[in-house]
2 protein chains.
Amino acid sequence: MATIRDVARLANVSVATVSRVLNGSSKVSEQSRRAVLIAQKELSFCLNANARALAHQDSEIIGATVPDLSDPYFGAMIRACERTAQLQGFTLLVLQGFHDPLREEKAIENLISHQCRGLIIHALSMKEQDLKAYMQRIPYMVLVNRELEGFKDRCISIDNEKGEYLAVKHLIEKGHKKIAYIGSSHKIHDAFERKAGFLKALHEAGLEADPKLILEDEPYLEGGAAATRLLLSRKVPFTAIACYNDNMAAGVMSEIFEAGLSIPDDVSVVGFDDLFLARCLNPKLTTIHHPVDEMGRDAVLLSTSIYNQSPEPFIPSTFEVNLVERKSVTHPKA
Amino acid sequence: MATIRDVARLANVSVATVSRVLNGSSKVSEQSRRAVLIAQKELSFCLNANARALAHQDSEIIGATVPDLSDPYFGAMIRACERTAQLQGFTLLVLQGFHDPLREEKAIENLISHQCRGLIIHALSMKEQDLKAYMQRIPYMVLVNRELEGFKDRCISIDNEKGEYLAVKHLIEKGHKKIAYIGSSHKIHDAFERKAGFLKALHEAGLEADPKLILEDEPYLEGGAAATRLLLSRKVPFTAIACYNDNMAAGVMSEIFEAGLSIPDDVSVVGFDDLFLARCLNPKLTTIHHPVDEMGRDAVLLSTSIYNQSPEPFIPSTFEVNLVERKSVTHPKA
DNA sequence: GACTATAATGTAAACGTTTACATTGTGATA
DNA sequence: TATCACAATGTAAACGTTTACATTATAGTC
């Protein structure tokens with residue numbers, strides 16, 4: 001690999017001049033400028049980002065962790081993060097935690113070691129205490145989809161309880177009384193909040209929550225399917241299912257069909273997240289929308305604004321959840 | 001941020017000893033070791049990856065570009081890449097090209113500047129010539145899903161033509177004779193190959209390809225839907241649709257239902273890619289499977305093996321495409 | 001006690017940039 | 001002509017590590 005010194009030699013100028021040309025900083029004569037650019041092309045030269053970060057004391061890297069990039073929900077979020085980072089001239093370094101506290105912690109350490117000048121963390125498995133320590137240590141670390149006592153102003157998340165509440169209220173308004181809930185077995189914040197929203201809506205309508213109609217499984221397609229099989233085997237009548245997320249709803253729908261029932265005529269289904277997937281399902285899924293793109297964008301903006309110690313601090317949008325009515329819900333039969 | 005010097009001072013040893021402890025290299029007395037570790041914890045110290053890369057002349061970063069992380073196909077691929085990278089002790093730096101040749105090129109430059117020790121490039125929009133220049137310059141750069149003359153041994157891709165051929169042959173074997181093709185309007189390799197596969201299967205069966213039944217649009221849900229509307233408006237009879245990919249198939253299915261037709265009874269549909277999505281659709285989508293995970297894994301393994309100049313070069317698996325029969329295809333009526 | 005082999009540690013020179021400061025060259029002004 | 005202002009450029013010291021080499025301490029051997 002050629003270095004800046006090689007370019008300087010070839011262009012017959014000093015390294016400082018090369019650096020100035022390549023960074024567009026300070027004044028350089030048109031002649032030197034040209035010579036440097038030619039030498040650069042000749043050598044296919046490219047500044048070394050590591051050396052640059054070291055000298056400059058700024059890595060131009062924003063770090064992010066996310067559980068799993070193959071999940072379109074996180075894909076969409078990261079996409080928004082990278083877009084925003086790129087717009088600010090930064091590069092996004094993404095690591096996956098795979099729902100494992102150890103890997104999540106390793107990922108954060110890794111990002112710190114790269115001297116990230118922004119940190120967006122989506123880590124649901126790590127212990128609160130450990131996460132707090134990092135939040136304390138890195139003032140510009142921002143949390144997504146997790147609320148942490150004492151750091152609310154650096155947590156970007158939606159009102160999960162309200163979301164699920166809206167979903168279930170919608171079912172109740174349609175006339176459903178026997179509503180099942182297929183939740184996530186992950187012991188995290190979102191899971192608790194969404195279940196609370198379900199119970200709240202029931203309670204508010206004076207409906208009893210039947211424990212036999214409340215199940216939990218892994219928050220993926222397969223989990224939704226498995227829970228549905230279990231639910232059907234219990235022979236407890238129900239007319240609607242509220243799901244922890246769209247992925248589970250997809251599994252739920254597939255098993256309902258498998259059982260020879262129809263959606264929404266026999267069973268109404270609501271999801272949560274409003275993934276791309278929701279529009280692909282048939283019938284199209286009624287679900288709770290939340291603005292993933294804006295969350296990703298605001299997380300980056302918030303983190304960098306803290307890092308830069310901007311005079312007027314960045315205030316993230318309030319992320320409204322709302323119901324998107326599609327075709328998977330109708331009135332119960334009879 | 002504390003530096004290695006601070007740790008050395010606190011632990012009352014030299015920087016070299018700290019470095020040795022933190023890198024697990026060479027022999028260090030248990031006493032020094034302990035002192036260093038304590039000092040490290042005390043200062044929350046973390047080696048600076050940039051300085052490390054500079055001194056060490058090895059960044060421990062593997063770079064990758066992909067068009068768009070919100071697309072589950074790429075998400076799945078990147079996930080496999082990161083897994084493999086992590087297993088080797090490297091960090092994956094992912095950049096998005098957003099189907100834009102300029103951004104793709106910028107992404108590659110960016111990765112080069114970070115001194116990546118492995119390069120996995122999924123860039124379909126860049127001109128062949130420009131890409132070749134990079135391939136020439138970076139011997140360990142590996143291409144995914146794109147074949148480049150003269151660099152076949154560094155291209156990881158599937159046989160698109162064969163895939164589409166299998167899909168269409170399946171339709172023909174079921175008795176279909178009037179088969180529509182909804183392809184991608186992107187002017188890339190995959191698009192041409194898959195269309196060629198479609199034509200080949202038709203030709204082999206002695207069937208005529210009706211130009212009115214061949215459409216193109218953006219390779220996403222919306223594109224599939226738009227093409228289907230156009231197709232239906234043409235009033236040319238058909239009994240099956242072969243799609244460029246699963247995303248388009250989802251749009252196709254949704255419009256077919258919208259038109260009051262049923263799948264597969266009125267229209268059979270085949271996709272391509274076998275995304276997670278294919279199993280979510282109703283009916284579940286018959287499609288062409290290819291091993292995204294293994295491709296991601298092998299891309300990383302190949303790139304690093306070249307970088308390391310391994311004595312015995314890594315030979316990527318041959319990536320077999322095959323038909324996955326689900327529920328979206330049946331015999332044509334009558 | 002003198003010597004040697006070896007383990008543990010320290011010293012200082014890289015690595016490839018950026019940038020404060022110093023130097024040079026040029027034209028304008030008095 | 002001497003002086004000044006200013007633009008263009010160069011010099012060299014950081015930045016935080018790693019690591020070759022040098023040094024010191026320790027134990028074993030004769």
Side-chain angles (χ1 to χ4, degrees), chain A residues 1-40 43-61 89 91 109-117, chain B residues 1-40 43-61 89 91 109-117:
Chain A
M1 274 281 205
T3 76
I4 201 173
R5 241 170 281 277
D6 299 318
V7 179
R9 201 173 307 129
L10 190 60
N12 211 24
V13 296
S14 72
V15 289
T17 300
V18 177
S19 173
R20 283 191 270 254
V21 171
L22 265 25
N23 287 294
S25 67
S26 181
K27 288 283 114 196
V28 174
S29 73
E30 193 49 35
Q31 193 187 9
S32 306
R33 191 188 157 62
R34 232 183 266 284
V36 168
L37 258 18
I38 289 172
Q40 178 193 23
L43 297 170
S44 294
F45 174 74
C46 187
L47 283 170
N48 180 328
N50 295 313
R52 203 151 182 277
L54 190 57
H56 203 251
Q57 293 286 76
D58 180 355
S59 66
E60 311 203 324
I61 289 188
T91 301
E109 292 281 351
N110 192 340
L111 294 176
I112 293 176
S113 82
H114 278 96
Q115 314 296 111
C116 291
R117 44 122 58 248
Chain B
M1 272 281 205
T3 76
I4 200 173
R5 241 170 281 276
D6 300 318
V7 178
R9 200 173 308 128
L10 190 60
N12 211 23
V13 297
S14 73
V15 289
T17 300
V18 178
S19 173
R20 283 191 269 255
V21 171
L22 265 24
N23 288 293
S25 67
S26 181
K27 287 283 117 198
V28 173
S29 73
E30 193 49 35
Q31 192 187 11
S32 306
R33 190 189 157 63
R34 232 183 266 284
V36 167
L37 259 18
I38 289 172
Q40 178 194 24
L43 297 170
S44 293
F45 173 75
C46 186
L47 283 170
N48 179 328
N50 295 312
R52 205 153 181 275
L54 190 58
H56 203 249
Q57 294 286 75
D58 181 354
S59 66
E60 311 203 323
I61 289 188
T91 300
E109 292 281 350
N110 192 340
L111 294 176
I112 293 177
S113 82
H114 279 95
Q115 315 296 111
C116 292
R117 45 122 56 251

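Order of the sequence lines sets the chain letters (A, B, ...), proteins ahead of strands, with each chain counted from 1.
As judged by a 4.0 angstrom heavy-atom cut-off over every strand, B/Asn50 is placed among residues making no nucleic acid contact. Base contact: B/Ser19 has a heavy atom under 4.0 Å from a base atom.
With rounding to whole Å, A/Leu47 atom CG is found 20 Å from D/dC15 atom P. Between A/Asp58 atom CG and C/dT18 atom C1' there is a gap of 12 Å when expressed in whole angstrom units. We find that CG of A/Asn12 is positioned 12 Å from P of D/dT9, with the value rounded to whole Å. When the P atom of D/dC15 is taken as reference, atom CD of A/Glu60 falls 19 Å away, rounded to whole Å. Regarding B/Asn23, its CG atom lies at a distance of 7 Å from the P atom of D/dT19, rounded to whole Å. Put simply, NE2 on B/His114 is 14 Å from C1' on C/dG16, counting in whole angstrom units. As rounded to whole Å, 11 Å separates atom C1' of D/dT17 from atom CG of B/Leu22.
A close approach under 4.0 Å does not occur between any side-chain nitrogen or oxygen of A/Arg20 and OP1 or OP2 of C/dT19. Here A/His56 does not reach the OP1 or OP2 of D/dC15: none of its side-chain N or O atoms lies under 4.0 Å away. Between B/Gln57 and C/dG16 there is a side-chain N or O to OP1 or OP2 distance below 4.0 Å. A sub-4.0 Å separation between OP1 or OP2 of D/dG10 and a side-chain N or O of A/Thr17 is present.
In plain terms, the two heavy atoms of B/Val15 and B/Ala8 that are nearest each other are N-CB, 3.8 Å. Scanning all heavy atoms of the two residues, the minimum distance from A/Cys116 to A/Leu111 falls at SG-O, 3.2 Å. In this structure, A/Arg33 and A/Val21 approach most closely via the heavy-atom pair CA-CG2, 3.9 Å.
Judged purely by atom type and a 3.5 angstrom limit, B/Gln115 has no side-chain atom pairing as donor or acceptor with the backbone of B/Ser59. Under the 3.5 Å distance criterion, the side-chain polar atoms of A/Asp6 are matched with a main-chain donor or acceptor of A/Thr3.
B/Ile4 pairs in a side chain to side chain contact (heavy atoms under 4.5 Å, CB included) with only one of the listed residues (B/Leu47, B/Asn48, B/Thr17), which is B/Leu47.
Comparing A/Leu54 and A/Gln31, the nucleotide of DNA chain D nearest to each residue sits closer to the 5' end for A/Gln31.
Among C/dT18, D/dT17, D/dG10, the nucleotide with an atom closest to any side-chain atom of B/Arg52 is D/dT17. Taking every side-chain heavy atom of B/Ala55 into account, C/dC15 is the closest of C/dT18, C/dT9, C/dC15.
A 6.0 Å sphere centred on CD of B/Gln31 holds no more than 12 heavy atoms belonging to other residues, nucleotides or ligands.
Under the salt bridge (Lys or Arg N to Asp or Glu O under 4.0 Å) criterion, B/Arg117 pairs with B/Asp58, sequence neighbours left out.
Note that the NE2 atom of B/His114 and the CD atom of A/Glu60 stand 8.0 Å from one another [nearest 0.5 Å].
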Between protein and nucleotides 4-7 of chain D, what N or O pairs are separated by less than 3.5 Å?
none

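Side-chain contact check for A/Arg52 and A/Asn23: at least one donor-acceptor pair (N or O, by modelled atom type) lies under 3.5 Å.
The stretch residues 2-9 of chain A comes close to DNA chain C through A/Thr3, A/Ile4, A/Arg5, each having a heavy atom under 4.0 Å from the strand.
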